[in-house]
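If you're wondering where the values come from, they're calculated on a predicted model, not measured in any experiment.
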Amino acid sequence: MKSLYSKFLLATILIMIFSSLAGFLLTNTYYHQVTKSKNDAKNVTIAQSVIQHINEVQDLNLDHYLQTLGDVGYQIYLVNENGDSKFYGGDYRVKDLTDSTVQQVLNGEIYHGMRDFPKETFVTGFFANHLSNTVGVSFQYHHKRYAMFLRPDIKLLFNEVHTIMGGWTIFMGLISLAAMLLFAKLLIKPITELTEATKRIANERFDTPLKIESKDEIGQLATSFNTMMGQLQENDQIRKEFISNVSHDFQSPLLNIQGYAGLLVSENITDEERRDYVSIIQSETHRLSTLTKQLLLLTSLDQSSRKMERKIYALDEQMKRTIQKYRWWLEEEGINLSMTLEPTLINADAGLLENVWENLLTNAIKYNKENGDIQVVLTSTNQEVTVQIQDTGIGMSDTTKEQSFQRFFRADDSRTKDGTGLGLAIVEQIVKIHGGNIQVETQLGIGTVFTIILPKL
């Protein structure tokens, strides 16, 4: 598998090659479309200036004058009407001028060889050292007709420039490539760190946060990654505590059931002891059943894909049925319950909210004082519903109040009441998914008030 660094290197080289070719082709096209005709006209003007000087200066040594022009940077080909010819300046690489072209210039026509030079893909006409890539003009000298073909000596004029430009291009390419590689290394380094951190998370190591402090998108990604790592660490701790608590809460009743079941097979126990043992086994079985149901409900509530089965129903009637269900327990404990329930319609999941009322009502009974009181109040407005369940029970300390909604939390006073420590966690979760909130007011030895506020529709 190719690394990101090697892919970046390959992409950089390909881009540099492509941009160089594209730049050359565009420059070549611009030369043929725009610059070539201008260059031809400029050189025609230079050639005409040379002819004008020849015509104006008397007793001019033509050979010496043209040789001087050749020395200062021009390639010149001179032909007279007798066919005699001579070269001045640098030599032409390709001597491809036709006799008909020479004759036309001798007859007085101007030759536009630079303008009409064939278009080439990889070598522009400006650098083509062909005899046909010249301009031609005619003149008379000592009663003879001459044709002069002229072009700048590119090698002489631009040899140093070629070296400088070539070196500049090579060094620019090497420095650009080195800079891009260094930048790629710095850019990919935090991604490599992210990869290593991901491997640590896969091995359940959440204690090594990333130290990437850049302000760009990678820095934002690292910040989000650290946030995720912290959340995963917290979730891992919760998961371990959850497994530990579940194991403990299952182990205790199972050990009791196993122990008392072993005692039941003994022949030396009385009928009264046998009944006591059976009662304990039934109690522990009920506790296990309740714990299993609550765990299943919590698991269902924790699933984000779970859909509530909302419907409009009479909340006051539901609460009356719930209270009626536990009337026997109220009478058994000698607890007086009063209720004020306004007729109220609510759009909610009736099955889930029934769990809320059952948990809060059974807690109010379970942790109440002997011959205590419970007050249930239901009020509503156009937007929301408020339910208050108040008891005169044992109350909670500030520490217990803060931890009361944690899963498996049970205060010391409640451990003798056979609680699972999941009831209030279930209540809070159900209220939250309905878009409501729950509040607790409590005092040790005086009682507790739970207030649930839910959106009405």
- Query: Ignoring hydrogens and geometry, is there a side-chain-to-backbone donor-acceptor pair from Lys311 to Ala350 under 3.5 Å?
  - Reply: no
- Message: Surrounding CD of Gln443 (heavy atoms of other residues, nucleotides or ligands, distance under 6.0 Å), is the total greater than 12?
- Response: no
- Query: Within the side chain of His434, is there an N or O that forms a donor-acceptor pair under 3.5 Å with the backbone of Asp349?
  - Reply: yes
- Which pair of heavy atoms, one from Gly136 and one from Phe149, lies closest together, and at what distance? CA-CD2, 3.7 Å
- Message: Has Thr344 got a side-chain atom pairing as donor or acceptor with Leu315's backbone, closer than 3.5 angstrom?
- Response: no
- Hey, are the side chains of Ile438 and Val356 touching, using non-hydrogen atoms and a 4.5 Å cut-off? no
- Message: Can you tell me how far apart CG (Asp91) and CZ (Arg93) are? Round to the nearest 0.5 Å.
- Response: 11.0 Å
- Please examine the side chains of Asp153 and Tyr74, heavy atoms only from C-beta on, and report whether any two atoms are closer than 4.5 Å. no
- Query: Within the side chain of Asn359, is there an N or O that forms a donor-acceptor pair under 3.5 Å with the backbone of Asn355?
  - Reply: yes
- Query: For Thr392, which of Asn336, Asn371, Thr448, Asn368 qualifies under side-chain hydrogen bond (donor to acceptor under 3.5 Å, both in side chains)?
  - Reply: Asn368
- Query: Counting only N and O atoms by type, is there a donor-acceptor contact under 3.5 Å from the side chain of Ser279 to the main-chain atoms of Arg275?
  - Reply: no
- Less than 4.5 Å apart, any side-chain heavy atom of Arg327 and any of Glu331? yes
- Item | Check: Gly90 main-chain N/O paired with Gln75 side-chain donor or acceptor under 3.5 Å | yes
- Query: So with a 6.0 Å cut-off around CD of Glu441, is the heavy-atom count from everything else above 12?
  - Reply: no
- Query: Would Val44 and Met114 satisfy side-chain contact (heavy atoms from CB on, under 4.5 Å), going step by step from the backbone distance to the final call?
  - Reply: CA-CA 10 Å; Val44 167; Met114 291 183 177; over 6 Å; no
- Task: Count the heavy atoms belonging to other residues, nucleotides or ligands that lie under 6.0 Å from NZ of Lys95, then report whether that count exceeds 12.
- Result: yes
- Check: Thr386 main-chain N/O paired with Ser380 side-chain donor or acceptor under 3.5 Å: no
- Query: Are any non-hydrogen side-chain atoms of Ile46 and Asn43 less than 4.5 angstrom apart?
  - Reply: yes
- Message: I'd like to know whether Leu424 forms a side-chain contact (heavy atoms from CB on, under 4.5 Å) with Phe450, so could you lay out the CA-CA distance, the side-chain angles of the two residues, the decisive distance to 0.1 Å, and finally the verdict.
- Response: CA-CA 11 Å; Leu424 289 181; Phe450 284 93; 4.0 Å; yes
- Item | Which atom of Asn382 lies closest to which atom of Lys456, heavy atoms considered | O-CD, 3.9 Å
- Task: Would you check if there is a donor-acceptor pair between the side chains of Asn129 and Asn133 at a distance under 3.5 Å?
- Result: no
- Nearest heavy-atom approach of Leu263 to Ile269 is O-CD1, 3.6 Å
- Can you name the nearest heavy-atom pair linking Lys36 to Arg115, along with the distance? CE-O, 3.3 Å
- Look up atom CG in Leu341 and atom CD in Gln318, then write down how far apart they are to the nearest 0.5 Å. 11.5 Å
- Is the backbone N or O of Thr285 less than 3.5 Å from a side-chain atom of Ser289, with the two atoms forming a donor-acceptor pair by type? no
- Message: For Arg274 and Asp271: C-alpha separation, side-chain torsions, deciding distance, then whether salt bridge (Lys or Arg N to Asp or Glu O under 4.0 Å) applies.
- Response: CA-CA 5 Å; Arg274 181 175 284 106; Asp271 290 340; 3.4 Å; yes
- Spacing of CE belonging to Met396 relative to OG1 belonging to Thr442, to within rounding of 0.5 Å: 4.5 Å
- Does some side-chain heavy atom of Leu361 sit less than 4.5 Å from a side-chain heavy atom of Leu337? yes
- Ile452 and Leu360: which non-hydrogen atoms are nearest, and at how many Å? CD1-CD1, 3.2 Å
- Spatial distance of atom CG (Leu352) from atom CZ (Arg310) [nearest 0.5 Å]: 10.0 Å
- Query: Atom CG of Asp96 and atom CG of Leu131: how far apart are they, to the nearest 0.5 Å?
  - Reply: 6.0 Å
- Item | Test side-chain contact (heavy atoms from CB on, under 4.5 Å) applied to Tyr313 and Ile346, step by step | CA-CA 6 Å; Tyr313 70 95; Ile346 189 171; 3.8 Å; yes
- Query: Do you know which two heavy atoms are closest between His130 and Arg151, and how far apart they sit?
  - Reply: O-CD, 4.2 Å
- Sidechain-backbone polar pair: Tyr92 side chain, Ser132 backbone, donor-acceptor under 3.5 Å: no
- If you measure from CH2 on Trp329 to NZ on Lys366, what distance do you get to the nearest 0.5 Å? 5.5 Å
- Message: Does anything in residues 369-396 form a salt bridge (Lys or Arg N to Asp or Glu O under 4.0 Å)? List the pairs, not counting sequence neighbours.
- Response: none
- Item | Trp357 side chain near Val376 side chain, heavy-atom distance below 4.5 Å | no
- Message: Does atom NZ (Lys432) have a neighbourhood of more than 12 heavy atoms from anything else shown, all under 6.0 Å?
- Response: no
- For residues 254-265, the side-chain hydrogen bond (donor to acceptor under 3.5 Å, both in side chains) pairs (sequence neighbours left out) are Asn256-Glu284
- Please assess Leu454 against Leu353 for the test side-chain contact (heavy atoms from CB on, under 4.5 Å), listing each intermediate value before the final yes or no. CA-CA 10 Å; Leu454 298 169; Leu353 284 187; 3.9 Å; yes
